[in-house]
Amino acid sequence: MNTPAPLQPQDLYLPCPPEDLPFETTDELPDLDKVLGQPRALQALELGSEVQGPGFNIFVAGLPDSGRTTLTREYLERKAAAESVPDDWCYVFNFKDPHRPRAINLPAGQAVRLRDEMQQLVQRCQDEIRRVFASEEYNQERNRLGQSMQSAQEQEFQKLVAEAQSVGFTIARTPTGISLIPLQQNGQPLPPEAYEKLPAEQKERLRQTESQLQLKTQATLRRIKEIGEAAFRQLQELDAQTARFALQHIFEALSERYQEYPKVQAHLQAVQEDMVQNVDILRGESESPMPLQQWLSRYDVNVLVDNSHLQGAPVVMESHPTYQNLVGRIEHRLVMGVTQTHFTMIRPGALHRANGGYLLLPARDILVNPYAWQGLERALRDGEIRILELGSQMGMLTTVSLEPEPIPLRVKVVLFGTSQLHEMLRELDVDFGKLFKVRAQFASTMERTPENIADYSLFIKS
């Protein structure tokens, strides 16, 4: 057999002569603005990121450490930089159904502004309400209503006294109510021993008269009670009108700044009406079942997503895609052995942060986390992010929780995995092909061509 000729070192590699490179150093070159050596993958990424129809999410297939994640992220970041910044999202208290917080979207940076302005508004409202209800005008009107009520009640009582005296009885007020006492000829109350000495016929007449007076007394007491209830309603209406007058100019000033946002307008109206209905708590004259500051938290704004720092659409890489890290969570606190929650304890997930942009996920990690894959598919299928307690899905949740209003979802999800994992999902999950219609296959080799050499120089520069 012939022995193969020994290979020389220069035979073991293909050199790239410096004279073939049209630059002195890579400092002269621009940054790389495309995916290097992956024309098919680039076309798939362009297709998936451009088409806005449902289900055009992307599965990036390729070997680990092939640069698929880095190159895809860089491509999407360049593309996202030219796109519009998505809205902020926040949750506010639902006064009609406290267990279902309302979701509000605002242009980027406006949610934090609304939160800060609402905190200032609440403090101004407290100060203004205390000032108005301490005014002389309010106290005069309140006293007038009280005196009018007492006068009307006294008139009713005196009518009853006069009627009782006309039939030989007087009325005495006792700690237990009103007593009817027969009178003697001289107008003095009849003592019990004298009553016992009366003839049976006279006693019977007195009992009949007393029975008739009892009915009139009950009717008078009802009228006196109705006068008191009417006066109480008038006092409540006075308080409501006074509170509305005190709050109107404060809310009008804030409402004008958000006149283009109907949801904010509706929330401000609900806050104002709630303050009017609970003005005694704001005045500090009514016992609240919770501390005042905790009660006032119903007027807070929970900023879920603040996009004020973005210069384009978000590109979010979630390396630990658990169920809660994806769709968000509702926190609880332990108070005297009982768990409690509040709409201000709603926390966002990666879907919230990536909403309006791109969400990058490792496929294997999301599959091994319980309920994470189901949560992602449900969000993509329904086109909304619904925060559900994980315990409720497992049948383990026994505490009172919240059902926040779902947030519309507009996101491109990019999964990273091997070709084998892609085939397995297509085979075993009937919804996978509908939700991830684009496959970007990253090759493990690239041809040595002058064009690719030039692109590789840009890659080195980058």
Determine, for R333 against E331, whether the closest basic-nitrogen to carboxylate-oxygen distance falls under 4.0 angstrom. no
Can you confirm whether the side chains of Q248 and E252 place a donor and an acceptor under 3.5 Å from each other? yes
Kindly compute the distance separating CG (L76) from CE (M317), expressed to the nearest 0.5 Å. 11.0 Å
Enter the distance from Y138:OH to N143:CG here, rounded to the nearest 0.5 Å. 9.5 Å
Flag yes if more than 12 heavy atoms outside Q140 fall under 6.0 Å of its CD atom; otherwise flag no. yes
Around atom CZ of R353, are there more than 12 heavy atoms of other residues, nucleotides or ligands at under 6.0 Å? yes
Using modelled atom types only, decide if a donor and an acceptor are shared between the side chain of N57 and the backbone of L435 within a distance under 3.5 Å. yes
For a side chain to side chain contact (heavy atoms under 4.5 Å, CB included) check, start with the C-alpha distance between W295 and L282, then their side-chain angles and the critical distance, and finish with the verdict. CA-CA 10 Å; W295 187 86; L282 294 174; 3.9 Å; yes
Sidechain-backbone polar pair: S135 side chain, R131 backbone, donor-acceptor under 3.5 Å: no
Step through the shown structure and confirm whether more than 12 heavy atoms of other residues, nucleotides or ligands are within 6.0 Å of CZ on R410. no
Under a 4.5 Å cut-off applied to non-hydrogen side-chain atoms, are L296 and Q126 in contact? yes
Verdict with supporting geometry, Q218 and Q214, side chain to side chain donor-acceptor pair (under 3.5 Å): CA-CA 6 Å; Q218 292 175 2; Q214 285 284 3; 4.7 Å; no
Distance alone, cut at 3.5 Å: any donor-acceptor contact between the side chains of T70 and R73? no
Just one of R283, R244, R233 clears the salt bridge (Lys or Arg N to Asp or Glu O under 4.0 Å) bar with D239, so which one? R283
Can you check whether E46's main-chain N or O pairs, donor with acceptor, with S49's side chain at less than 3.5 Å? yes
Under a plain distance cut-off of 3.5 Å, with no hydrogens placed, do E237 and Q241 share a side-chain donor-acceptor pair? yes
Side chain proximity check, P101 to I346, heavy atoms < 4.5 angstrom: yes
Exceeds 12 heavy-atom contacts within 6.0 angstrom, atom CZ of R40: no
Please determine whether a side-chain nitrogen of the Lys or Arg among R113 and D116 lies less than 4.0 Å from a carboxylate oxygen of the Asp or Glu. no
When rounded to the nearest 0.5 angstrom, what distance separates CG in D88 from CG in N355? 11.5 Å
Below 4.5 Å, heavy atoms only, C-beta onward: do M275 and Y299 meet side chain to side chain? yes
In terms of heavy-atom contacts, C16 and I453 come closest through SG-CG2, 4.0 Å
Kindly give the heavy-atom pair with the smallest separation between N307 and A108, and that separation in Å. O-CB, 3.8 Å
Side-chain heavy-atom pair L425, F436 within 4.5 angstrom cut-off: no
Check: N105/Y261 side-chain N/O donor and acceptor closer than 3.5 Å: no
Determine yes or no for a side-chain-to-main-chain donor-acceptor pair under 3.5 angstrom, with K412 supplying the side chain and G48 the backbone. yes
Student check: side-chain heavy atoms of I250 and Q272 closer than 4.5 Å: no
Do NZ/NE/NH1/NH2 and the carboxylate oxygens of R386 and E403 come within less than 4.0 Å? no
Flag for W373-D429: side-chain donor and acceptor within less than 3.5 Å: yes
Please report the interatomic distance CZ(R347) to CG(L304), rounded to the nearest 0.5 Å. 9.0 Å
State whether the side chain of T322 and the backbone N or O of N325 hold a donor-acceptor pair below 3.5 Å, judged by distance alone. yes
Under the side chain to side chain contact (heavy atoms under 4.5 Å, CB included) rule, what do L160 and R223 come out as? Steps first, then yes or no, please. CA-CA 11 Å; L160 178 64; R223 286 195 296 273; over 6 Å; no
So do the side chains of P348 and Y91 get within less than 4.5 Å of each other, counting heavy atoms only? no
Could you walk me through whether I407 and I387 pass the side chain to side chain contact (heavy atoms under 4.5 Å, CB included) test, one step at a time? CA-CA 9 Å; I407 291 178; I387 302 179; over 6 Å; no
When you measure from the side chain of D306 to the backbone N and O of V112, does any donor-acceptor pair fall under 3.5 Å? no
In chain order, what residues pass the ring pair (Phe, Tyr, Trp, His ring centres under 6.0 Å) check against F459, with sequence neighbours excluded? Y456
Under a 3.5 Å distance rule, please check whether E318 uses its side chain to pair with a backbone N or O of L361 as donor and acceptor. no
Decide whether Q119 and Q123 meet the rule of one side-chain donor and one side-chain acceptor closer than 3.5 Å. no
In terms of heavy-atom contacts, does CD of E260 have more than 12 from other residues, nucleotides or ligands at under 6.0 Å? no
Would L421 and M424 satisfy side chain to side chain contact (heavy atoms under 4.5 Å, CB included), going step by step from the backbone distance to the final call? CA-CA 5 Å; L421 184 57; M424 183 191 73; 3.3 Å; yes
Do D127 and R124 pass the salt bridge (charged side-chain N to carboxylate O under 4.0 Å, His left out) test, and can you show the C-alpha distance, the side-chain angles, and the key distance before you say yes or no? CA-CA 5 Å; D127 296 340; R124 288 183 59 195; over 6 Å; no
Taking the side chain as every heavy atom from C-beta outward, state whether V303 and L114 have any atom pair closer than 4.5 Å. no
Any ion pair linking E141 and R144 (charged N to carboxylate O, less than 4.0 Å)? yes
If you measure from CE on M345 to CD1 on I330, what distance do you get to the nearest 0.5 Å? 10.0 Å
Shortest non-hydrogen pair, N452 vs E447, comes out as ND2-O, 2.7 Å
S255-Q265 side chain donor-acceptor pair, cut-off 3.5 Å: yes
How many angstroms lie between OG1 in T25 and CG in L21, if you round to the nearest 0.5 Å? 11.5 Å
Verify the neighbour count for atom CZ of F232: are there more than 12 heavy atoms of other residues, nucleotides or ligands below 6.0 Å? no
Using a cut-off of 6.0 Å, state whether more than 12 heavy atoms not belonging to K263 lie near its atom NZ. yes
Close side-chain approach of E226 and E156, heavy atoms under 4.5 Å: no
Salt bridge or not between K79 and E83? Use side-chain N to carboxylate O under 4.0 Å. yes
Would one find more than 12 heavy atoms of other residues, nucleotides or ligands at under 6.0 Å from atom CZ of R364? no
If you compare all heavy atoms of R439 against all heavy atoms of A61, which two are closest, and at what distance to 0.1 Å? NE-CB, 3.9 Å
Looking at E50, is its backbone amide N or carbonyl O close enough to the side chain of Q52 to form a donor-acceptor pair, meaning the two atoms are under 3.5 Å apart? yes
Is it the case that the side chain of D365 and the backbone of H320 share a donor-acceptor pair, with hydrogens and angles ignored and the cut-off at 3.5 Å? no
How close do A313 and G357 get, heavy atom to heavy atom, and via which atoms? CB-CA, 4.1 Å
Using atom types as modelled and distance alone, determine if a side-chain donor or acceptor of E405 lies under 3.5 Å from a backbone N or O of A103. yes
Over 60° means perpendicular and under 30° means parallel, so classify the ring planes of F93 and F343, tilted if in between. tilted
